[in-house]
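Read through the structure below, which is laid out as C-alpha cells, and then see the notes.
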Amino acid sequence: MNDRGDARRPASAKILYIETLRGIACILLVSYHVIGDTSSNGLRLPDGDIFSFVNRMFIDVRMPLFSFISGFVFSAYAADLPALRGKIGAKVRRLLVPMAVVGSLHYWLQAVFAPQGEGQVPYYYLFILPYEHFWYLQATFLLMLTVFVVTYALKGNGTRAAAVLLLPCILASVLLDRWHPDVFSSYKAVYLAPYFLTGYLISHAARLRAGMDRAAARRPLLAGASVLFVLLFVLEWALVADLVNPGAPERRAIGLGVGLSACLFLFLLRFQSRFLTFIGDKSYAIFLFHVLFTAGSRIVLERVVPGLGVPVLFAVGVVAGVAGPIVVSWMALKHPLSSLLFLGIRAAARRRAGQEPAFGN
C-alpha cells in the first residue's frame with residue numbers, strides 16, 4: 001500500500017490521542033532542559049539528586065516519542081518529480097528556516113548572556129553540526145528526505161520504503177558508534193530512524209493500522225507493550241543507577257527497546273487529554289523556543305528571589321517553557337513574515353489563528 005489516501009487528508013485533521021502524546025513529549029522535553037542533562041547546566045543539580053535521576057530515566061523516551069509522532073503524521077507520497085521537489089522544498093521551509101532563524105536567535109542570546117567562555121561553539125555549528133536541541137531538525141530533515149527519495153524510487157509505495165529501511169536502520173542504530181564530525185546530525189538521524197519509520201508504518205500500513213485500531217485486537221497488544229516497557233524501564237533504572245554496565249552496543253539496544261516499547265504503549269493506550277492536546281497543538285513553537293523561557297525564568301528567579309527550592313524553580317521553569325512559546329506562536333502567526341521565519345508556515349497555511357500544522361506536515 002502507498003500513502004496516496006493520506007496525502008489527500010487535510011493537515012488540520014488531527015487525531016486527539018496523537019496530539020495528547022505530542023503534549024506529553026513537550027512536557028518531557030521542557031522538563032529535561034529545566035533540570036539540565038549535567039550538573040553544569042539547567043538547575044545544576046548533582047547526579048544523585050532525585051530530579052536529576054528521574055530526568056535521566058526518560059532519556060530514551062523524550063525524542064524517540066517526538067520522532068514516532070512525526071513519522072505517524074508524515075506523508076511521503078509524491079506523484080511526480082515536480083511534486084517530490086515541492087515536498088522537499090516544503091520541508092526546507094518548515095524545518096530548516098526556523099532552525100536557522102530561531103537557532104541564530106538562541107545562539108546570539110547565549111553569547112551575550114551566558115558566562116564568558118561557557119561552552120559556546122562556533123556559529124557555523126548551527127548549520128552544519130549538531131547545536132543544542134536544533135540537532136533534531138537536521139536529523140528529521142535527513143530522515144524525511146531519505147523516505148521521500150526511496151518512496152519515489154518505489155513508485156509511491158511509502159510503506160514498502162519504510163519497511164525496507166527499518167531493519168537496516170535498527171541494526172545501524174545499535175551497532176554503529178557515533179562518528180565525528182556528525183555532519184548535519186546524520187548519526188542522530190540513524191538514532192531516530194527506527195522510531196520515525198515505526199510511526200510511519202503504523203499510520204500508513206492499512207492492515208497494521210486496522211489491527212491496532214480495533215479495541216479487541218488492541219488489548220493484548222497493549223498488555224504486551226506494557227509488560228515489555230516495564231521490564232525494560234526497570235533495566236533502564238539499573239543502568240542510570242550504575243548497577244549494571246553493559247557495552248555500548250548493548251546499551252544502545254536497551255535504549256532502543258525502551259523507546260520503541262514506550263511509543264507503542266502510549267500509542268495503544270489511546271489516552272486523551274484536552275490540556276495535553278492544547279499543548280501538543282503548539283508543539284513546534286514549544287520545541288523551538290522553550291529553552292529561552294526555561295533559562296530566562298531561572299535567571300530572573302535566582303536574582304529576584306535567591307534561595308528558592310528546586311521544586312519551585314522546576315515548576316516555574318516548566319510553566320514558562322510551555323506558556324512562553326505558546327504566546328510567541330500566537331504572535332508569530334499574526335503576520336506572514338514572522339510565521340514563515342519563526343515557524344516555517346506560509347500565509348496560506350494560517351487558516352485559523354493560533355493553530356500550527358503538525359511537525360510532520
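All values below come from the heavy atoms of this structure, side chains included, with hydrogens, waters and symmetry mates left out.
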| said: Quick check: closest heavy atoms across Phe267 and Arg270, and the distance to 0.1 Å? | reply: O-NH1, 2.8 Å

| Residue pair Val150 / Ala161: nearest heavy atoms and the distance that separates them | CG1-CB, 3.5 Å

| Parallel, tilted or perpendicular: which describes the rings of Phe141 and Phe184, with under 30° parallel and over 60° perpendicular? | perpendicular

| task | Looking only at non-hydrogen atoms, find the nearest pair between Ala225 and Leu268 and report the distance. | result | CB-CD1, 4.2 Å

| query | Do Glu236 side-chain atoms and Ile254 backbone N/O form a donor-acceptor pair below 3.5 Å? | reply | no

| Shortest non-hydrogen contact from Gly259 toward Pro64 | CA-CB, 4.4 Å

| Could you give the distance from NZ (Lys282) to CH2 (Trp330), rounded to the nearest 0.5 Å? | 7.0 Å

| task | Identify the two heavy atoms, one from Tyr200 and one from Ala162, that lie closest to each other, and give their separation to 0.1 Å. | result | CD2-CB, 3.7 Å

| query | Any side-chain heavy-atom pair from Ser67 and Leu143 closer than 4.5 angstrom? | reply | yes

| query | Are any non-hydrogen side-chain atoms of Arg251 and Asp60 less than 4.5 angstrom apart? | reply | yes

| query | What do you reckon, is CZ of Arg178 surrounded by more than 12 foreign heavy atoms closer than 6.0 Å? | reply | yes

| Close side-chain approach of Met212 and Leu221, heavy atoms under 4.5 Å | yes

| task | Measure from the side-chain N and O atoms of Lys87 to the backbone N and O of Ser75, and report whether any donor-acceptor pair falls under 3.5 Å. | result | yes

| note | One should read off an interatomic distance between His204 NE2 and Thr159 OG1, to the nearest 0.5 angstrom, of 9.0 Å

| Leu45 CG to Ser52 OG distance, which is reported to the nearest 0.5 Å | 6.0 Å

| task | Quick one: sort the Phe196 and Phe74 rings into parallel, tilted or perpendicular, breaks at 30° and 60°. | result | tilted

| Chi angles and distances behind the side chain to side chain donor-acceptor pair (under 3.5 Å) call for Ser70, Tyr136 | CA-CA 11 Å; Ser70 293; Tyr136 179 81; 3.2 Å; yes

| task | Look only at the side chain of Arg94 and the backbone of Gly344, and say whether a donor-acceptor pair between them is shorter than 3.5 Å. | result | no

| query | Tyr17 versus Leu266: any side-chain heavy-atom pair under 4.5 Å? | reply | no

| query | When you measure from the centre of the six-membered ring of Phe58, is the NZ or CZ of Arg56 under 6.0 Å away and within 45° of the axis? | reply | no

| said: Looking only at the side chains, is there a donor atom on one of Ser283 and Asp281 sitting less than 3.5 Å from an acceptor on the other? | reply: no

| request: Report yes if some heavy atom in the side chain of Arg252 is under 4.5 Å from a heavy atom in the side chain of Leu256; otherwise report no. | output: no

| task | Would you confirm whether Ser39, through its side chain, and Pro46, through its main-chain N or O, come within 3.5 Å as a donor-acceptor pair? | result | no

| Single-linkage hydrophobic cluster Tyr32~Val322, side-chain heavy atoms < 4.5 angstrom | no

| query | Within the side chain of Thr20, is there an N or O that forms a donor-acceptor pair under 3.5 Å with the backbone of Leu276? | reply | no

| request: Determine, step by step, whether Arg62 and Asn55 satisfy the side-chain contact (heavy atoms from CB on, under 4.5 Å) criterion, reporting the C-alpha distance in whole Å, the side-chain angles of both residues, the deciding distance to 0.1 Å, and the verdict. | output: CA-CA 10 Å; Arg62 278 181 290 262; Asn55 200 33; 3.3 Å; yes

| query | With sequence neighbours excluded, what pairs up with Pro181 under the side chain to side chain contact (heavy atoms under 4.5 Å, CB included) test? | reply | Leu129, Val183

| Applying the 4.5 Å side-chain criterion to the ILVMFWY set and letting contacts propagate, would Val54 and Phe314 be lumped into a single cluster? | yes

| query | Atom OG1 in Thr198, atom CG in Leu260: separation rounded to 0.5 Å? | reply | 5.0 Å

| Same cluster or not: are Ile345 and Leu340 linked, directly or through other Ile, Leu, Val, Met, Phe, Trp or Tyr residues, by side-chain heavy atoms under 4.5 angstrom apart? | no

| Does Ser104 use its side chain to pair, donor to acceptor, with the backbone of Ala100 at less than 3.5 Å? | yes

| field | side-chain contact (heavy atoms from CB on, under 4.5 Å) assessment of Phe229 paired with Leu264 | value | CA-CA 9 Å; Phe229 175 60; Leu264 292 173; over 6 Å; no

| query | Would a 4.5 Å heavy-atom cut-off, applied to side chains only, mark Arg298 and Val34 as touching? | reply | no

| Any Gln120 side-chain heavy atom under 4.5 Å of Gln110 side chain | yes

| task | Supply the atom-to-atom distance Arg44 CZ to Ile35 CD1, rounded to the nearest 0.5 angstrom. | result | 14.5 Å

| task | Spell out, yes or no, whether Tyr284 and Val291 are grouped together once hydrophobic residues are joined by side-chain heavy atoms under 4.5 Å, including indirect joins. | result | no

| message | Using 30° and 60° as the class boundaries, would you call the ring planes of Trp179 and Tyr187 parallel, tilted or perpendicular? | response | perpendicular

| Heavy-atom closest contact (Leu95 atom, Leu137 atom, distance) | O-CD1, 3.6 Å

| query | Does any N or O in the side chain of Ser339 come within less than 3.5 Å of the main-chain N or O of Pro336, such that one atom is a donor and the other an acceptor? | reply | yes

| request: Apply the test side-chain contact (heavy atoms from CB on, under 4.5 Å) to residues Leu292 and Leu105: give CA-CA distance (whole Å), side-chain angles for both, the deciding distance (0.1 Å), then the verdict. | output: CA-CA 9 Å; Leu292 299 179; Leu105 175 64; 4.1 Å; yes

| query | Any chain of hydrophobic side-chain contacts (each under 4.5 Å) joining Tyr123 to Leu341? | reply | yes

| request: Mind checking the CZ-CD1 spacing from Phe72 to Ile15? Nearest 0.5 Å is all I need. | output: 4.0 Å

| said: Counting C-beta onward and ignoring hydrogens, is there a side-chain heavy-atom pair between Leu142 and Ser185 closer than 4.5 Å? | reply: no

| message | Run the side-chain contact (heavy atoms from CB on, under 4.5 Å) test on Phe278 and Ile326 for me, step by step, so that the C-alpha distance in whole Å, both residues' side-chain angles and the decisive distance to 0.1 Å come before the verdict. | response | CA-CA 10 Å; Phe278 174 76; Ile326 291 176; 3.8 Å; yes

| request: Assign the ring pair His133 / Phe287 to parallel, tilted or perpendicular, where the plane angle (0 to 90°) is split at 30° and 60°. | output: perpendicular

